[in-house]
Amino acid sequence: MEQFKTLEDLREYIKDIGAFYARPTTKGEHPTLYEGKDGGEYVSGIRKRDYLFSVCGKWVLPSNSMGLSFSGHWQHLKQIYRLKSTRNGGKPVDVYWVIEAAELPPGLKIVLDPNDKKKRHYFLIVTEQMRVEQLVRKLQWVADRMSKIKNAQVAL
């Protein structure tokens, strides 16, 4: 385990191990699921607008332009962090992140948002049709392997 004295030290270290993907969440929230939310905009903790669902709502379909949002650049992360901070009523925000080399479960892939010309926004997409319950398990698996920066305002 290596100790970093400044954010710049961490940035240099990350450059050596590859790209990173980060996701800010309100302190205490799950990094990949909206736990406790079902019905309306959510299906089993998955926000409907994040993924392409079948008409019956029991399947998640592949799409290269829909998925869970991640930042792949410090500037984009700062913008999303500020947005999250202002919308959550002053609660602390944690940042969960994973490096590019991290192994993802079969059927999931991180891809660049096709509408992002600056190449800073990424999606965790579904690459094969799967049941909603399968996607929930896979998103939990991803979350278990993410690192967390608590109260990230100091770093950002």
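If you read the sequence from its start, that first residue is 1, and numbering goes on from there.
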Quiz item: Hey, would you say the Phe70 and Tyr122 ring centroids sit under 6.0 Å apart?
Solution: no

Quiz item: Tell me, which pairs form a side chain to side chain donor-acceptor pair (under 3.5 Å) where one or both residues lie in residues 104-119, sequence neighbours left out?
Solution: Asp113-His121

Quiz prompt | Min side-chain heavy-atom separation Arg23-Ser69 under 4.5 Å | solution = yes

Quiz prompt | pair Thr32-Met146: side-chain heavy atoms closer than 4.5 Å | solution = yes

Quiz prompt | No-hydrogen, no-angle side-chain donor-acceptor test under 3.5 Å, Tyr34 and Arg47 | solution = yes

Quiz item: Looking at side-chain heavy atoms only, is the closest gap between Met66 and Phe123 below 4.5 Å?
Solution: no

Exercise. Taking the side chain as every heavy atom from C-beta outward, state whether Leu139 and Tyr51 have any pair of such atoms under 4.5 Å apart.
Key: yes

Practice problem: Applying ring-ring contact (aromatic ring centres under 6.0 Å, His included), name anything that partners His73, two or more places apart in sequence or on another chain. | Solution: none

Quiz item: Where the side chain of Lys58 meets the backbone of Phe53, is there a donor-acceptor pair that is under 3.5 Å apart?
Solution: no

Quiz prompt | Check against side chain to side chain contact (heavy atoms under 4.5 Å, CB included), Thr25 and Val93 | solution = CA-CA 6 Å; Thr25 62; Val93 175; 5.9 Å; no

Quiz item: Taking C-beta and beyond as the side chain, do Lys148 and Val95 meet within less than 4.5 Å on heavy atoms?
Solution: no

Quiz item: Cationic tip of Arg145 within the cone over Trp141's six-membered ring, i.e. under 6.0 Å and within 45° of the normal?
Solution: yes

Exercise. Compute the ring centroids of Phe20 and Trp74, then answer whether they are less than 6.0 Å apart.
Key: yes

Quiz prompt | Minimal non-hydrogen separation, Ile80 against Pro24, with atom names | solution = CG2-CG, 3.7 Å

Quiz item: Does Ile125 reach the side chain of Leu108, with side-chain heavy atoms less than 4.5 Å apart?
Solution: no

Quiz item: Does a side-chain heavy-atom distance below 4.5 Å link Leu61 with Val126?
Solution: no

